[in-house]
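Here is the structure we will look at, set down as structure tokens.
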Amino acid sequence: MLNNSQIRYCLDKMAEMFPNAHGELNHSNPFELLIAVLLSAQCTDALVNKVTKNLFKKYKTPEDYLNVPLEELQNDIRSIGLYRNKAKNIQKLCRMLIDEYGGMVPTDRDELTKLPGVGRKTANVVVSVAFGVPAIAVDTHVERVSKRLGICRWKDSVLEVEKTLMKKVPKEEWSITHHRMIFFGRYHCKAQNPQCEVCPLLDLCREGKKRMKRKDQS
DNA sequence: AACTCGGGGCA
DNA sequence: TGCCCAGAGTT
């Protein structure tokens with residue numbers, strides 16, 4: 001298991017590798033951010049950005065999403081996977097925002113999680129990006145990178161990964177940590193073909209050293 | 001813990 | 001063609 005200074009070293013290296021790491025799902029207001037993150041499940045952010053570009057011209061408020069038939073909203077996000085459930089969730093979510101939150105996006109993480117289609121990861125992204133609340137959103141990239149490097153254990157749940165990171169990283173760096181690990185995981189420490197040969201973290205990476213050894217033997 | 005939703009992008 | 005993608009809900 002890596003100690004705090006080793007983790008610090010890893011995060012600094014990631015920052016060097018991706019100096020302009022930032023959330024591409026950043027939007028001007030919390031409501032648009034929430035919709036965008038909700039749409040982004042199991043699909044690339046490039047595709048989400050393409051769809052939301054037109055979507056947000058047509059739909060500005062929660063009311064706008066409720067003023068069209070479900071089929072029309074589904075059609076408007078058709079090019080995104082899982083669009084049937086996502087459209088249903090968006091309409092339910094907008095109904096809840098109006099009925100229970102005065103049409104505003106709640107600023108509390110636990111309140112956000114009550115909304116349909118909004119899990120812990122989505123809620124963490126919204127509170128950290130839109131409201132500046134320190135939070136680490138653990139997605140598949142963050143989870144994989146944490147486990148490979150040895151920041152946490154292999155069998156740890158997503159929640160345990162989040163808790164470990166919060167314990168080992170200073171609070172004021174939680175949000176940026178999330179973005180650094182995402183970029184590192186997406187473009188370098190990839191699920192399928194990790195670039196261990198040219199990785200600056202190889203010397204202290206548990207999984208990387210194992211992989212390189214296997215490669216030598218074969 | 002495993003299963004399902006799902007069209008687009010890329011090899 | 002086949003495989004994967006800034007997940008969440010249900011069983």
Side-chain angles (χ1 to χ4, degrees), chain A residues 11 14 17-18 20-27 30-56 70-97 105-106 109-131 133 135-148 153-162 165 174-195:
Chain A
L11 294 173
M14 290 180 199
M17 296 171 76
F18 302 98
N20 50 1
H22 62 281
E24 297 182 27
L25 294 175
N26 204 341
H27 284 91
F31 181 58
E32 287 192 353
L33 177 70
L34 176 57
I35 299 290
V37 178
L38 201 148
L39 290 176
S40 71
Q42 289 299 103
C43 102
T44 60
D45 51 340
L47 185 55
V48 174
N49 285 330
K50 201 160 73 178
V51 169
T52 53
K53 194 178 175 189
N54 294 322
L55 193 73
F56 292 160
L70 176 59
E71 293 71 24
E72 184 175 340
L73 180 56
Q74 287 176 330
N75 191 56
D76 287 338
I77 64 170
R78 184 168 22 89
S79 56
I80 293 213
L82 314 178
Y83 63 95
R84 278 184 276 261
N85 284 334
K86 287 176 182 177
K88 276 186 210 168
N89 282 338
I90 287 174
Q91 287 200 326
K92 272 198 277 184
L93 179 148
C94 288
R95 173 51 58 200
M96 284 181 67
L97 287 185
V105 177
R109 205 253 314 279
D110 295 326
E111 292 298 322
L112 280 162
T113 310
K114 292 178 185 171
L115 300 169
V118 179
R120 191 175 180 85
K121 183 253 164 184
T122 301
N124 274 338
V125 171
V126 171
V127 295
S128 86
V129 175
F131 303 125
V133 177
I136 300 178
V138 178
D139 67 350
T140 55
H141 294 305
V142 176
E143 181 180 2
R144 181 181 64 253
V145 168
S146 299
K147 290 182 176 181
R148 279 184 179 164
R153 294 179 296 248
W154 272 109
K155 58 181 179 181
D156 281 350
S157 66
V158 172
L159 188 58
E160 286 170 325
V161 176
E162 184 186 330
L165 285 170
W174 286 358
S175 297
I176 189 65
T177 293
H178 157 74
H179 287 128
R180 290 198 173 127
M181 294 184 77
I182 290 254
F183 271 69
F184 180 73
R186 185 133 90 89
Y187 297 113
H188 186 88
C189 191
K190 297 180 284 189
Q192 243 43 42
N193 220 324
Q195 310 294 103

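Lettering of chains follows the sequences in order, A, B, ..., and the numbering in each one begins at 1. We use all heavy atoms of the structure for the numbers below, so side chains are in, but hydrogens, waters and symmetry mates are not.
A/Arg109 has its side chain out of reach of A/Val133: every pair of non-hydrogen atoms, C-beta onward, lies at least 4.5 Å apart. Two residues are said to be in side-chain contact when any heavy atoms from C-beta on lie closer than 4.5 Å; A/Gln91 and A/Arg95 fail this criterion. Under the 4.5 Å side-chain criterion, counting only non-hydrogen atoms from C-beta, A/Val105 is not in contact with A/Leu115. Contact annotation: the side chain of A/Met181 approaches that of A/Leu165 to within less than 4.5 Å [non-hydrogen atoms, C-beta and beyond].
Here the options are A/Leu33, A/Val37, A/Leu112, the test is side chain to side chain contact (heavy atoms under 4.5 Å, CB included), and the partner is A/Thr122; only A/Val37 passes.
For the P atoms, the distance from B/dG6 to C/dT10 is 14 Å, rounded to whole Å. Comparing the P positions of C/dA6 and B/dA2 gives a spacing of 22 Å, expressed to the nearest Å. Separation of the P atoms belonging to B/dC3 and C/dC4 is 15 Å when rounded to the nearest angstrom.
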List every contact pair, protein side and nucleotides 9-11 of chain C side both N or O, where the distance is under 3.5 Å.
from: C/dG9; atom 1: OP1; to: A/Gly117; atom 2: N; distance (Å): 3.0

When you compare the protein's N or O atoms with those of nucleotides 6-8 of chain B, which come within less than 3.5 Å of each other, and at what distance?
from: B/dG6; atom 1: OP1; to: A/Leu82; atom 2: O; distance (Å): 3.4
from: B/dG6; atom 1: OP1; to: A/Arg84; atom 2: N; distance (Å): 3.1
from: B/dG6; atom 1: OP1; to: A/Asn85; atom 2: N; distance (Å): 3.1
from: B/dG6; atom 1: OP2; to: A/Arg84; atom 2: NE; distance (Å): 2.7
from: B/dG6; atom 1: OP2; to: A/Arg84; atom 2: NH2; distance (Å): 3.3
from: B/dG6; atom 1: O4'; to: A/Leu82; atom 2: N; distance (Å): 2.9
from: B/dG6; atom 1: N1; to: A/Gln42; atom 2: O; distance (Å): 3.0
from: B/dG6; atom 1: N2; to: A/Gln42; atom 2: O; distance (Å): 2.6

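Residue A/Ala191 is classed as a sugar-phosphate contact, given heavy-atom separations below 4.0 Å to backbone atoms only.
One interatomic measurement links the two molecules: OH of A/Tyr187 to P of C/dC5, which rounds to 13 Å at whole-angstrom precision. Going from atom NZ of A/Lys121 over to atom P of C/dC5 covers 13 Å, rounded to whole Å. When the P atom of B/dC5 is taken as reference, atom CD1 of A/Ile90 falls 19 Å away, rounded to whole Å. If you take CD of A/Glu143 and C1' of C/dC5, they are 15 Å apart, rounded to a whole angstrom. Here the P atom of nucleotide C/dA6 and the CD atom of A/Glu162 are 19 Å apart, to the nearest Å. Atom CG of A/Asn124 is separated from atom P of C/dG7 by 14 Å (rounded to the nearest Å). Rounding to whole angstrom units, CG of residue A/Asn193 and C1' of B/dC10 are separated by 14 Å. Rounding to whole angstrom units, NZ of residue A/Lys190 and C1' of C/dC5 are separated by 14 Å.
When the side-chain contact (heavy atoms from CB on, under 4.5 Å) test is applied to A/Ala135, the partners found at least two apart in sequence or on another chain are A/Asn124, A/Val127, A/Ser128.
Side chain of A/Lys121 to main chain of A/Val138: no donor-acceptor pair is present (N/O by atom type, distance under 3.5 Å, no hydrogens or angles).
Here A/Met96 contributes atom CE and A/Glu111 contributes atom CD; the two are 8.5 Å apart, rounded to the nearest 0.5 Å. The CG atom of A/Asn89 sits 10.5 Å away from the SG atom of A/Cys94 when rounded to the nearest 0.5 Å.
Between A/Thr140 and the phosphate of C/dG7, there is a side-chain N or O to OP1/OP2 separation shorter than 4.0 Å. Close to C/dA6, at under 4.0 Å from its OP1 or OP2, lies a side-chain N or O of A/Arg186.
The side chain of A/Ile182 lies closest to C/dA6 when the candidates are C/dA8, C/dC4, C/dA6.
Closest heavy-atom contact between A/Pro116 and A/Leu93: CG-N, 3.7 Å.
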